[in-house]
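Okay, structure first, notes after.
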Amino acid sequence: EDFHGFDPSSFDGNMVSAEQLAAMVVDAIAANAPRNGQKLTIGFANLQRDISFCLKVEQGIVANAEAAGIDLQIVDNRLDGATALANAESFLQRNVDFVIEFQTDANFGATIMQKMNEANTKVIAIDIPMPGATFFGANNPKSGFMGGAYLGQAAIQKFGADKVKTGYLVVGELPQSGAVPAMRTNGQVAGFKGAVGEFADAQVIKIDTKNTLEESFTQMNNVIGRIPEGVPIMVTAINDQAATGMLRAVKQAGREADLIVVGMGADEIQTLIDEPAFVASVGYFPERYGNFLVPLALMELAGKEVPDTVLMTHYMVTDGNVCEFYKDFACSATPDAITFELPEDAYKAHLEEIRKLPELQDSLNLIPTN
Amino acid sequence: MATTTETAAAAPSLKRRFMELLAKPWSGVAMLLVFYLILIAVFSILSPFFFNTRNMLQIGLNVAYIGLMAAAGTPLIIAGGLDLSVAAIAGLTGVMISLLVGLGVPVWVAVGLALALAAAIGVANGLFTTRLKLNPLITTLGMMSIVSGIALVLTGGLTRPLMIPGFNWIGNERVFSIPIPLIIMVVTFFALWLVMTKTKFGRFIYAAGGNAEASRLIGIPVERTVIVLYVISALAGAVAGTILGAMLGAAGPNAAGSQLLTVIAAIILGGTSLNGGRGSVWGTLLAVLILGTLNNGLTLLNVSSFWQDVTRGVVLMLAVSLDQLRNRALGE
Amino acid sequence: MATTTETAAAAPSLKRRFMELLAKPWSGVAMLLVFYLILIAVFSILSPFFFNTRNMLQIGLNVAYIGLMAAAGTPLIIAGGLDLSVAAIAGLTGVMISLLVGLGVPVWVAVGLALALAAAIGVANGLFTTRLKLNPLITTLGMMSIVSGIALVLTGGLTRPLMIPGFNWIGNERVFSIPIPLIIMVVTFFALWLVMTKTKFGRFIYAAGGNAEASRLIGIPVERTVIVLYVISALAGAVAGTILGAMLGAAGPNAAGSQLLTVIAAIILGGTSLNGGRGSVWGTLLAVLILGTLNNGLTLLNVSSFWQDVTRGVVLMLAVSLDQLRNRALGE
Amino acid sequence: MSSTARLSMRGIDKSFGGVPVLSNVELTLEAGEVVALLGSNGAGKSTLVKILTGLYSRDAGIVEVDGQAVVFGKPADAIAAGVKLLPQEISVMPDLSVGENILLGDLPMKPGFGFKQVDYKTIHIRATELLAQLGFEALDTHQDVKRLSVAEQRIVEIARAIAGQARILIMDEPTAALTEQEAELLFAIIRRLKQQRVSVVYISHYMSEVFEISDRIVVLRDGRNAGDFVTRDTNKAAVLAAMIGATAGDLYPTEPPPPPGTDVLKVEGFGVRGKIADVSFAVRSGEILGIFGLVGSGVEVLGRALYGAVHSERSGQVTLDGRPYRPSTPQHGKEAGIGFVAAERKKEGIIADLTVRENIALPFQNRFTRGLFVSTEAETGHAQNWIRDLGIRTRGPEQKLRTLSGGNQQKVCLARWLVEGVKLLILEEPTRGVDIGARREIYGKLRELTAKGYAVIILSSDVEEVAGISDRSLVLDRGRVVEEFSRGVTPAALMAATAETQTA
Ligand SMILES: Nc1ncnc2c1ncn2[C@@H]1O[C@H](COP(=O)(O)OP(=O)(O)OP(=O)(O)O)[C@@H](O)[C@H]1O
Ligand SMILES: Nc1ncnc2c1ncn2[C@@H]1O[C@H](COP(=O)(O)OP(=O)(O)OP(=O)(O)O)[C@@H](O)[C@H]1O
Ligand SMILES: [Mg+2]
Ligand SMILES: [Mg+2]
């Protein structure tokens with residue numbers, strides 16, 4: 001359905017105009033009068049405000065809310081379930097008209113949604129699903145698989161297929177963040193294997209990045225001794241920050257020549273450009289989340305039908321195409337650029353496999369069909 | 001000397017009465033109460049959403065599980081102990097309940113087993129720090145690491161659902177419109193206050209922390225007292241974990257971990273001395289409420305979480321200064 | 001009694017010599033050293049990647065910034081203080097350098113300014129806790145909240161790049177193949193050891209923490225000593241932040257925050273008493289190395305981070321038990 | 001005999017870190033008997049009674065109570081068997097009330113809301129009764145013990161010791177902080193306990209007390225039994241000979257002091273707000289000035305105010321060596337050449353975790369600093385001199401002060417100030433807890449120091465000491481000087497000076 005030029009199923013992700021937004025607000029107010037009698041108010045609960053990804057999401061939402069002329073109340077869930085619950089309550093206390101939740105874990109969703117339903121407040125959930133809320137966010141299995149496959153193909157181009165098999169894949173994980181983000185890192189491994197074929201499990205090293213730069217650095221430092229001199233070190237991680245920390249550690253150990261990195265999220269563009277070993281990152285475009293979220297919210301408030309799941313479209317971001325996504329950065333041709341192809345069969349098989357995993361049975365709607 | 005007596009007589013009963021009030025043992029708590037009331041007044045003026053029954057109860061509900069841990073930590077610190085593992089125990093408890101229920105154990109039996117496990121951890125903390133005389137900070141920090149490690153291993157690091165019929169009411173229901181977690185917290189504070197001030201055991205707590213050597217000398221079972229307090233702290237952690245799990249409908253392996261510093265800060269801010277021998281649960285309660293109110297009020301005012309950090313720091317310092325002002329006035 | 005005397009006579013000088021060794025002031029540190037060597041031996045056997053110069057230096061590099069903060073925290077705690085703001089200062093320092101350089105300030109001038117800011121924070125901590133006699137735990141916890149809040153506000157919460165020509169060598173270069181951060185850490189430990197054991201100021205540290213009242217009465221400037229130590233701690237935090245920023249090529253507003261508990265744990269595990277008066281920097285160094293080695297060894301063994309938590313807890317308890325064994329043997 | 005004895009300890013051995021402290025020590029006690037345990041500082045008296053009450057374990061030996069072999073693993077076991085200790089070092093719970101401190105071991109309870117409650121009312125009634133026996137019925141039993149003076153805290157501890165029913169009561173230097181009047185009241189209580197067949201071990205360094213109260217005297221020397229006397233059949237000289245292995249000379253120096261020099265410190269109309277007023281005196285080089293006063297007389301602040309350790313408002317004129325002198329911190333006092341030893345050794349004197357060497361060298365670190373660093377050798381040399389000269393019983397300069405006996409800790413506190421440049425020593429209770437041999441050494445040393453030109457002010461609640469050592473003495477009462485005496489005053493006259501104003 002098209003809502004003043006916004007169709008969630010075919011939206012390109014560029015911010016809609018202020019006029020369009022204003023028209024949406026008019027519709028929304030007509031269907032749902034502002035609860036404070038003056039202005040529509042959207043509550044946004046951010047996951048943890050000092051994570052750059054989350055901040056970019058927040059900035060996108062702020063920009064859209066300002067353009068639409070609606071009020072925004074922002075809280076910080078601080079990666080904590082109890083805080084998320086208290087924050088949700090504070091939204092109800094403030095009579096917000098709509099809530100955008102970016103919270104820690106799918107399992108906390110039910111309780112928060114119960115309160116929201118009681119108060120008749122609609123919710124969009126970002127990246128972590130909540131029952132009965134519209135889901136908007138990353139396509140975890142696909143983005144992970146893309147990144148892993150890209151890493152494999154780029155590594156073959158750089159080191160040759162035989163040498164790659166002697167190398168090590170190091171994945172910076174975040175195990176405590178749950179099954180849904182884990183689809184990303186598992187996808188990375190599957191994608192990598194899909195691209196390089198047989199690859200010994202013993203040569204896959206997983207480290208816990210604890211979602212910080214310094215921990216990624218430290219743990220990469222710790223494992224680097226396990227990787228024999230001269231073999232390829234192929235690095236990917238849960239996000240660009242972790243990938244960067246790992247990259248720094250390898251560089252510091254003086255083994256940059258053996259290194260190849262594919263990031264996740266494309267939110268450390270400067271590093272991507274500056275570091276030759278950092279060849280690509282899977283684009284998440286968090287700064288565009290707001291472009292989806294605010295129109296989606298207004299659409300729901302206006303009483304229009306919205307799909308229950310809106311997944312982000314991901315693209316590989318490289319030195320060669322970065323300018324297409326981020327105008328502030330220039331594109332540059334690199335000699336080792338590759339033409340990326342998603343190994344479709346392996347990808348299908350991977351999706352089949354994870355659909356059977358018991359821990360994902362509650363999140364099947366987040367597993368794409370293609 | 002003649003002059004001194006004269007001036008003392010000149011500025012008569014009023015100032016002196018005030019000084020006498022300040023010198024009362026509960027005057028430190030009274031200072032915190034004043035601070036709390038000022039905080040409430042300020043937020044009431046600044047935010048239209050703040051001062052109403054619902055929000056006040058909400059603050060109580062938000063801090064209930066923190067308050068429980070801080071309540072039980074207070075007599076422990078007074079007796080000269082310290083429990084850094086309490087929040088990890090809360091996390092493990094939620095996880096245990098969820099896992100046991102998953103294995104088919106009835107939920108309240110699961111809660112009972114989880115409490116028993118917590119008690120065992122408390123006994124271990126107590127034995128290590130008293131009988132083996134290990135440093136409490138390192139011992140309970142080590143225990144924290146072990147307990148939360150086990151919770152992570154058991155769950156594979158994942159948060160587990162905890163929506164169980166007949167269970168979640170303990171986190172969500174209200175009695176006479178007062179949330180049950182808040183009732184549990186208040187009852188705990190009251191019970192601890194009774195124990196600490198009215199019973200022999202309670203006096204032993206203060207004696208043991210004030211001067212363990214002297215207490216032992218007059219036959220007070222110092223070690224047993226401290227062990228019991230470690231168990232109480234661990235149990236409070238377990239109850240906090242149960243309540244939190246019931247409230248959230250889910251159990252994270254490290255659900256309460258981020259609140260450990262808040263718990264310790266509340267106890268110390270409440271006037272309990274880390275050196276032992278001194279403190280009261282009411283001070284802790286006020287400190288918990290102050291921290292919770294600050295959080296709630298600033299959030300309602302839409303203050304960014306970064307500025308909230310700054311504000312919290314300033315408020316902590318101000319609150320602790322008050323007590324010092326009192327000491328100054330008393331000429332100590 | 002006859003039998004006891006006999007056995008005492010039978011196992012004569014050897015046992016006694018051993019007891020005398022145990023009674024030496026450095027024997028607690030020696031116990032930790034033994035523990036450290038055992039740890040190294042175990043990992044050397046279990047992992048082929050562990051025992052080589054490169055990995056050993058790597059461990060040193062990993063813990064350098066933590067060690068710096070723990071080193072400076074040691075005399076402070078010995079003197080009766082406590083600094084929970086040190087890690088937040090590290091975060092703010094990296095951010096400050098990045099921001100100032102962004103404003104066109106030459107990088108080393110920026111470092112100087114950030115150090116000056118840290119010193120000012122240290123002075124504030126010192127004045128609040130000595131002159132105003134505020135509780136150090138609450139004061140520096142408040143300061144931590146303020147400092148990291150400011151760092152967050154300044155950066156808007158983002159990690160800032162810190163790749164500056166002529167700067168990053170301080171985190172990445174090696175001298176005679178020894179990483180510079182490690183050199184800085186070792187030099188700091190050595191300098192603090194000299195100050196603490198060989199200078200007048202060092203004596204004052206131990207005296208002030210051992211008995212502040214008595215020290216004051218023999219004319220020792222107790223407050224000044226403690227204030228200087230707060231400044232040293234804050235400066236160490238700033239240097240740690242600088243090194244960390246240079247190593248990572250980026251400055252996060254809360255870059256070192258997760259290591260605060262490690263810093264405190266290392267100091268206490270190293271044998272420094274939270275009650276003041278007792279401790280040594282070498283104990284702290286060993287504790288830092290033990291924690292770093294454990295992390296490195298377990299990671300090389302591919303132990304999951306969850307089991308690492310469990311193991312770390314057990315090792316902490318074992319390490320602290322050793323010292324108790326010694327006290328037992330001494331009959332204390 | 002041993003089968004009927006109330007207490008029999010035989011063959012007791014104890015060593016710390018391999019160093020023997022007690023060897024084959026024996027102690028017996030009959031029902032209703034008062035045995036004085038005597039010995040120099042560090043002889044092992046406290047260690048012996050700590051073993052008896054389960055605070056320390058013994059390495060070897062037998063303890064029998066009423067003929068039954070007992071092993072007390074902890075003091076609670078000893079208490080259950082009727083053995084109670086009043087320890088040498090103050091051991092109170094500072095943040096509990098006086099009443100609770102006294103009755104904590106046996107709290108009166110009353111029924112309450114379904115559980116037994118602490119009966120605070122009875123606590124305060126009973127505590128007040130006990131304090132009344134000690135002449136302190138006016139002490140408010142509701143206040144926290146930390147607000148009391150040392151002497152009052154000591155009284156609280158004594159009240160605690162005599163509360164309830166002990167069969168064996170051990171008192172380790174109970175009168176060290178008490179005045180003679182207070183001690184007399186204690187003796188009355190001990191006599192009454194004796195009639196109730198309670199056995200008492202009484203440790204003291206005051207010979208006169210020992211002869212007044214004890215039935216038998218057991219002497220320890222270097223951790224061994226060195227004499228067992230029936231009190232009425234012996235005399236001080238014999239006991240002293242057993243204690244210190246030599247025949248005793250006079251306690252106080254007898255040779256006439258050198259003529260005093262010029263005024264070192266001159267005080268005119270000095271006052272400390274709320275504590276003392278209008279005090280005037282002078283002390284000359286080469287002179288020992290004794291200032292006697294009971295607790296509350298101002299004797300506890302006068303010395304501190306002159307040293308710079310009192311923050312309250314002061315008034316009047318003070319000159320030091322003819323120059324105006326107004327110290328506001330102890331540093332000022334020290335830099336002006338004054339040394340100060342506080343009465344409360346444990347709280348205000350020793351730094352327990354530092355070594356003897358470090359403690360002695362602490363106030364004047366600059367003197368041991370060579371270039372940037374402190375010279376440990378210089379410190380050691382200095383410390384060793386005083387260990388020898390003052391007869392400090394220690395394993396060596398590297399021993400931690402914590403593990404020295406009380407009297408020896410006191411000597412360390414004094415030794416700190418015995419350096420060039422100090423011209424006035426202000427000593428509060430300089431020989432509290434110091435054995436008689438060491439006291440003689442300390443007094444002798446003070447005389448030597450004055451001969452070198454030092455001036456000394458001794459503030460003491462021990463009349464005999466003030467009478468014995470002072471060249472001149474002042475009596476302080478309720479913040480004012482009430483009498484001044486010259487050399488040769490009798491203890492009785494000093495006491496009378498306070499008594500007069502008390503009754504007036
Ligand atoms: N914990 C300990 N560790 C090592 N040595 C100790 C310890 N306690 C006591 N000592 C030593 O044991 C000896 C006896 O000490 P004790 O306290 O029994 O003497 P005392 O006779 O009571 O002396 P005083 O009259 O000074 O009180 C002293 O040399 C002392 O240094
Ligand atoms: N030796 C002295 N004789 C007479 N009066 C004195 C003497 N020393 C101080 N005073 C008076 O006592 C009052 C307070 O003294 P001072 O200013 O030295 O202490 P303070 O500033 O209160 O203490 P501090 O600086 O240690 O906090 C002043 O009125 C001062 O004149
Ligand atoms: Mg690149
Ligand atoms: Mg003794």
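The chains referred to below are lettered A, B, ... by the order of the sequence lines, with proteins before strands, and numbering in each begins at 1.
Using bins of under 30°, 30° to 60° and over 60° for the plane-to-plane angle, the ring pair B/Phe189/B/Trp282 lands in the parallel bin.
Without hydrogens or angle criteria, D/Gln409 side chain to D/Leu404 main chain gives a donor-acceptor distance under 3.5 Å.
Contacts of D/Leu104 with chain B are made by both backbone and side-chain atoms, with heavy-atom separations under 4.5 Å. In this structure, chain B has a heavy atom under 4.5 Å from the side chain of D/Leu55, while its backbone stays farther away. Of the atoms belonging to B/Leu217, heavy atoms from both backbone and side chain fall under 4.5 Å from chain D. Contacts of D/Ile79 with chain B are made by side-chain atoms alone, with heavy-atom separations under 4.5 Å and no backbone atom involved. Neither the backbone nor the side chain of B/Ser273 has a heavy atom closer than 4.5 Å to any heavy atom of chain D.
Geometric assessment of B/Lys200 against the ring of B/Phe204 yields a negative cation-pi assignment under the 6.0 Å and 45° thresholds.
With hydrogens and angles left out, the side-chain atoms of D/Ser97 and D/His142 include no donor and acceptor closer than 3.5 Å.
For the set D/Thr53, D/Asp95, D/Asp144, the entry with the most heavy-atom pairs within less than 4.5 Å of chain B is D/Asp95. Of the listed residues (B/Glu213, B/Arg216, B/Arg203), the greatest number of heavy-atom pairs within a distance under 4.5 Å of chain D belongs to B/Arg203. Most heavy-atom pairs under 4.5 Å with chain D, from the set B/Ala207, B/Gly202, B/Gly277: that is B/Ala207. Counting heavy-atom pairs under 4.5 Å between each of D/Met109, D/Glu100, D/Glu157 and chain B puts D/Glu100 at the top. Most heavy-atom pairs under 4.5 Å with chain B: of the set D/Lys84, D/Lys116, D/Arg160, this distinction falls to D/Arg160.
Tested against B/Leu32 for a side chain to side chain contact (heavy atoms under 4.5 Å, CB included), the candidates B/Val320, B/Ile290, B/Thr284, B/Leu322 yield a single pass: B/Ile290.
Atom CD1 of B/Ile267 is separated from atom CD1 of B/Ile77 by 4.0 Å, given to the nearest 0.5 angstrom.
For B/Phe201 and D/Phe115, the distance between ring centers is not under 6.0 angstrom.
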